[in-house]
A.B. asks: 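Below is one structure. I have some questions about it.
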Amino acid sequence: MNDDKPSSDVVLVEENEGAKARDGPIIELFKSLITNDYKENTVLTNAQIIDILQKEFNINIQKIHDLEVEIYVNVVKKYLKDWPEWDEFEQSVIDFKSKNNNKAMTSILEEKYLNLKKYLGSMLEIAKYLSPDIVNNIPITGQMYKIESANKENVVMEILATRKQLNHLILRHPIGNNSIFNVNEPLPKYYNYPNSLTLDSILNWCGIEIELKLKLAQGGVINLKYENCHKLQHTLVNKMLKLDSYQKSSLSQQWEVKSKRKKLTEISKAVILNLFEQCVSNDRYQNWKPVLVSMHKILNNITQSMPSSIGVPGTFRKYLSKYGYVRFLYENVTDEVTNAENEKYDLQLQEVLSPMCQLHIELYPYSSHESIKIRCNFCQVYFTGENVSWEIEDHFKSHIVEPDWQCVNCNKAITMSHLTRANWNHNCEPASLYELLSMKQ
Ligand SMILES: [Zn+2]
Ligand SMILES: [Zn+2]
Ligand SMILES: [Zn+2]
């Protein structure tokens, strides 16, 4: 017998008919422990434990929830380690091995096999009784967003959808009409605001695309496309729940750059801004002058956070303010309208806006064609005429009925005209106590 390979002991065990009849994963485990001179810290893999569950305890893991399987695996892991008979078993094994007493070895394997199986079985019995309940009560993640904090009786669902879809769903006072969904109600009333819009405001609004092709001194044409393309999120909310279910964290102030081509041409920021100044004083662009002045101001401002030279072609995007804005597209329910004492609904269409600008720059080295175009992407209208700034202002008379915004950080209420004049920035400071008190009234 080779001393390095005590596995021959196991062979002796296997010669016994009784042990053979009990060939299963637990006996296998015992044998390997004996063979390896009983190393206590033998770690079983999950696959080995699942084997024990299936073969020793007839648990059909295909028919139960993954999580239930995990519970049983952990129960076996824990109680296998905690089995109180390990020490005694080890002593006997060492003893019988030294005496080469195969018969005694076989019978202790038999005995301990039955004891361990009984012990694990009783623990699994408790787990089998408890675990299906636990598994069934696991909350489905992602659906009950922020709802937990509210009184359960008051909870109605919150829906994410487009503004148009929600407009067609919504009904402000479901109690009176006994229905949440709108069939007859007209479109919501927007708040009117009296300020007339400046050209700056219009260009900063949203979805107004300005495209300029301007000749470069070194030859060729630079193509610049600028547009404010804000990120919008619409949610149907029940204002009665006061959940504030919108993002209040700050927006990244970094430029995000996308380039389709690998080979980029460096162009200096100063060159681009200079082109605008030249255009403003060029008689050829007399009717575009107000637009060019505004555009120059916008570009001058937003490119401050860009390096002095940029690689083109590329699309550059950036959030315009540190915090987003929120508004509700319906007027608040007033006390007079709220008839029922326990009306739990004030359904509102919540709009959250993260202001973002997009600047696309591209060079056409062999072109010499200059042009300026502005279009309203909402209405698919181009403005190119003789009196272009009048055209734009006139068109925007149809756009200026909009509710005020509220900063998600300082809660200040700001009109659309005020916000757009400063390209979506405002002096973001928490409201004074006085303002907070007067807001509550
Ligand atoms: Zn329009
Ligand atoms: Zn201001
Ligand atoms: Zn603010």
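Remember, predicted model here, so these are calculated numbers, not experimental data. In listed order, ligands and their atoms are each counted from 1. Computed from heavy atoms alone, side chains included, the values below leave out hydrogens, waters and symmetry copies.
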A.B. asks: How wide is the angle at the Zn ion (ligand 3) between SG of C428 and NE2 of H426, to the nearest 10°?
C.D. replies: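 Value returned, to the nearest 10°, is 110°.
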
A.B. asks: With the Zn ion (ligand 1) at the centre, find the angle made by SG from C379 and NE2 from H395, to 10°.
C.D. replies: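 So the angle at the metal works out to 110°.
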
A.B. asks: Taking the basic N atoms (NZ, or NE/NH1/NH2) and the acidic carboxylate oxygens, is any pair closer than 4.0 Å for K373 and E209?
C.D. replies: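 No, no charged N to carboxylate O under 4.0 Å.
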
A.B. asks: Could you check Y325, W405, Y323 and say which one makes a ring pair (Phe, Tyr, Trp, His ring centres under 6.0 Å) with H426?
C.D. replies: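 Option passing the ring pair (Phe, Tyr, Trp, His ring centres under 6.0 Å) with H426: Y325.
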
A.B. asks: Looking at E351 and R327, is there a salt bridge between them, counting it only when a charged N and a carboxylate O are closer than 4.0 Å?
C.D. replies: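 Answer for the salt bridge query: yes.
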
A.B. asks: Working to 10°, measure the angle at the Zn ion (ligand 3) formed by atom SG of C410 and atom SG of C407.
C.D. replies: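 Rounding to the nearest 10 degrees gives 110°.
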
A.B. asks: Could you tell me the separation between the CG atom of L275 and the CD1 atom of I222, rounded to the nearest 0.5 Å?
C.D. replies: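 So the gap between those two atoms works out to 6.5 Å.
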
